[in-house]
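As structure tokens, the structure follows; a few thoughts come after it.
Whatever order the structure lists ligands and atoms in, that order sets their numbers, starting from 1.
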Amino acid sequence: MRHIAIIGSGPAGYYTAEAAQKALGGTAKVDVFDSLPVPYGLIRTGVAPDHQSIKGVSRRYEKVALTDNVRFVGNINVGSDVTVAELQELYDAVVFATGAPRDRPLDIPGAQLGNVFGSAAFVGWYNGHPDFAALNPDLSGKTAVVIGMGNVALDCARILAKSREEFAGSDIVGHALEALTGSHIERIVLLGRRGPHQIMMTPKELGELGHLVRAAPHVAAGDLPDEAEDALLEPGLRKSVTALRQFAATPEHIRAEKSIAIEFEFFSQPHSLEGDGHVREITIERTHLVRGRAEGTGEIERLPADLVISCIGYRTAPIPGIPFDEREGRFANSEGRILPGLYCVGWARRGPSGTIGTNRPDGYAIVELIEADAASGALGSSAKQGRAGFDALAKTRGLDVVTFRDWKKIEEAEEKAARDGAPREKFVDVAAMIKAGR
Ligand SMILES: Cc1cc2nc3c(=O)[nH]c(=O)nc-3n(C[C@H](O)[C@H](O)[C@H](O)COP(=O)(O)OP(=O)(O)OC[C@H]3O[C@@H](n4cnc5c(N)ncnc54)[C@H](O)[C@@H]3O)c2cc1C
């Protein structure tokens, strides 16, 4: 019997469990740990609440979770409740699927001012991550600045721009819906160091900005490169740039019908934030491209900024004793192997890029690697105790494990509490989750 511990129940974790099931069937027992009492990682706490069809992928993970040899071990933080060394004693292979939950810091003067947030925090707030439920962003100002030109920046801008009615059918948490309903924001500036040809926004998500009830995207035609140059772009990016061209071509009188402007501010890098404890202004430096890289021109401008959200990437949280690549912000690994017996997948392996589906081949490849290491004898030969050993440890330590059955009760309670038309009202507090599961 092969005992596998997977740390993290997001896409990478469940694709790895699925691959282990398919490759090893009844000869492997897989425990999927998560520090939260609820599974699915960023499917629950990252993917936008108004993109429910994407969240539907969790049904696939549920099928895996319900197979005989896979179990969910929720509410266990690996690193504090149990150490990696302890898991290595008990399991043949330990796989980190812990994602990249920390914001890459915005390293400019003033970044510590009030109402300046990283996207992990802001997204976690509207998606009900217990760590960020109390964030309480101040939405009483007029201008929000969203730093970054990727899909996460788009999510943040769209969520800030939508009317209450446009959240129908979403699972945005109640506290965020109430706060956004009372929001005074009428200008959302998307700030990017480079130009339209360098955005990381996918066409479907970008196109959504053109169909908002009370907000319109603004792109300055002068920022767009010559149209003939679009032919050199990869097809997805070309479509996104076409969307930007359409936004730029929208007549002013049509844009003026909308009360919220979403402005694309290209060729601008944040220089500093200023305020009186609370952010009030952002200083930006204009840039130009030199061989595809943004270089500052020295030209400085000021913009009002009552709320700042930086969407500039994420880092994996290091775990003491586990080799870590500081520069890349993820575990040091070679194709997913940290050391024989210790592996990583998903964002913890590659860093924060790609779609949900990109994590699938990672999971399958790591199971092959585990098998190869087992066949070469690199995993050692002594029989490990696996889940029986973990259960004994959890009992002595008084750990409050949340099982998949408990999660199903939490899910049922969330579905019962849903607003009209919404799929669920999430618990945003760990104690409330655990109570609902019992
Ligand atoms: C805001 C946002 C929106 C996105 N929207 C989309 C989208 O619309 N479409 C799309 O295809 N992709 C989207 N993505 C990308 C997608 O979410 C990721 O590709 C995917 O979630 C990465 O999977 P993962 O399993 O590596 O990490 P995660 O999903 O982050 O899962 C990591 C899990 O590990 C757990 N964990 C972490 N540390 C520990 C520990 N020490 N002990 C125990 N458990 C731990 C966490 O609680 C979490 O459950 C989005 C990402 C973000 C940030």
Side-chain angles (χ1 to χ4, degrees), residues 5-17 31-58 61 72-84 87 94-104 118-127 129-132 146 148 150-159 200-202 204-205 208 309 311-320 322 330-331 336 344-363 366 399 401-402 407 430:
I6 298 172
I7 323 302
S9 68
Y14 271 117
Y15 285 128
T16 305
D31 281 357
V32 182
F33 291 85
D34 207 288
S35 45
L36 288 179
V38 293
Y40 309 140
L42 287 172
I43 302 302
R44 177 179 168 103
T45 60
V47 171
D50 55 344
H51 284 171
Q52 285 300 312
S53 60
I54 295 172
K55 288 180 187 266
V57 70
S58 61
Y61 308 146
F72 174 67
V73 187
N75 199 35
I76 298 298
N77 187 283
V78 175
S80 55
D81 291 325
V82 55
T83 66
V84 178
L87 292 183
V94 175
V95 182
F96 290 107
T98 48
R102 296 196 177 164
D103 282 302
R104 237 187 81 202
S119 55
F122 188 73
V123 170
W125 169 72
Y126 65 64
N127 262 330
H129 191 300
D131 289 354
F132 305 110
V146 179
N151 279 350
V152 174
L154 272 182
D155 279 353
C156 293
R158 189 182 67 256
I159 295 292
M200 306 284 281
M201 297 166 165
T202 45
K204 184 168 168 283
E205 283 67 23
E208 280 180 76
I309 305 164
C311 309
I312 55 171
Y314 300 97
R315 291 171 65 83
T316 293
I319 296 186
I322 309 301
R330 53 173 161 73
F331 293 116
C344 54
V345 286
W347 279 18
R349 166 169 113 75
R350 304 186 320 271
S353 66
T355 62
I356 294 163
T358 318
N359 302 295
R360 187 172 173 273
D362 263 29
I366 221 64
L399 299 177
V401 173
V402 170
W407 150 243
V430 168

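- Below 4.0 Å from some heavy atom of G8 lie the following atoms of ligand 1, by number and element: 33 (C), 34 (O), 35 (C).
- Backbone and side-chain nitrogen or oxygen atoms of V78 are examined, and one is located within less than 3.5 angstrom of a nitrogen or oxygen of ligand 1.
- Nearest approach of S58 to I43, heavy atoms of both residues: CB-CG2, 4.3 Å.
- Across the listed options N127, V73, D155, D34, D34 owns the non-hydrogen atom lying nearest to atom 48 (C) of ligand 1.
- Residue-to-ligand polar distances place W347 within reach of ligand 1: an N/O pair is separated by less than 3.5 Å.
- Close contacts of ligand 1 with Y314, meaning ligand atoms under 4.0 Å from a residue heavy atom, involve 53 (C).
- When only interatomic distances are considered, the shortest N/O to N/O separation between S353 and ligand 1 does not fall below 3.5 Å.
- Residue contacts with ligand 1, taken as heavy atom pairs separated by less than 4.0 Å, involve I76 solely via the backbone atoms N, CA, C and O.
- Here the shortest heavy-atom distance to atom 23 (O) of ligand 1, taken over G346, P11, G10, belongs to P11.
- The backbone of A97, and not its side chain, has at least one atom closer than 4.0 Å to an atom of ligand 1 (non-hydrogen atoms only; backbone = N, CA, C, O).
- Within the listing of ligand 1, atoms 29 (O), 31 (O), 48 (C), 49 (O) sit less than 4.0 angstrom from a heavy atom of G41.
- I322 has its side chain within reach of F96: a pair of non-hydrogen atoms, C-beta onward, lies under 4.5 Å apart.
- Nearest-residue assignment for atom 25 (O) of ligand 1 (options G313, A12, S9, G74; heavy-atom criterion): A12.
- Of all atoms in ligand 1, listed by their number and element, those nearer than 4.0 Å to a heavy atom of I7 are 42 (N), 43 (C).
- In T355, the parts holding a heavy atom less than 4.0 Å from any atom of ligand 1 are both the side chain and the backbone.
- The proximity of L42 to ligand 1, defined as any non-hydrogen pair under 4.0 Å, involves the side chain as well as the backbone.
- Remark: L154 CG to E208 CD distance equals 8.5 Å, nearest 0.5 Å.
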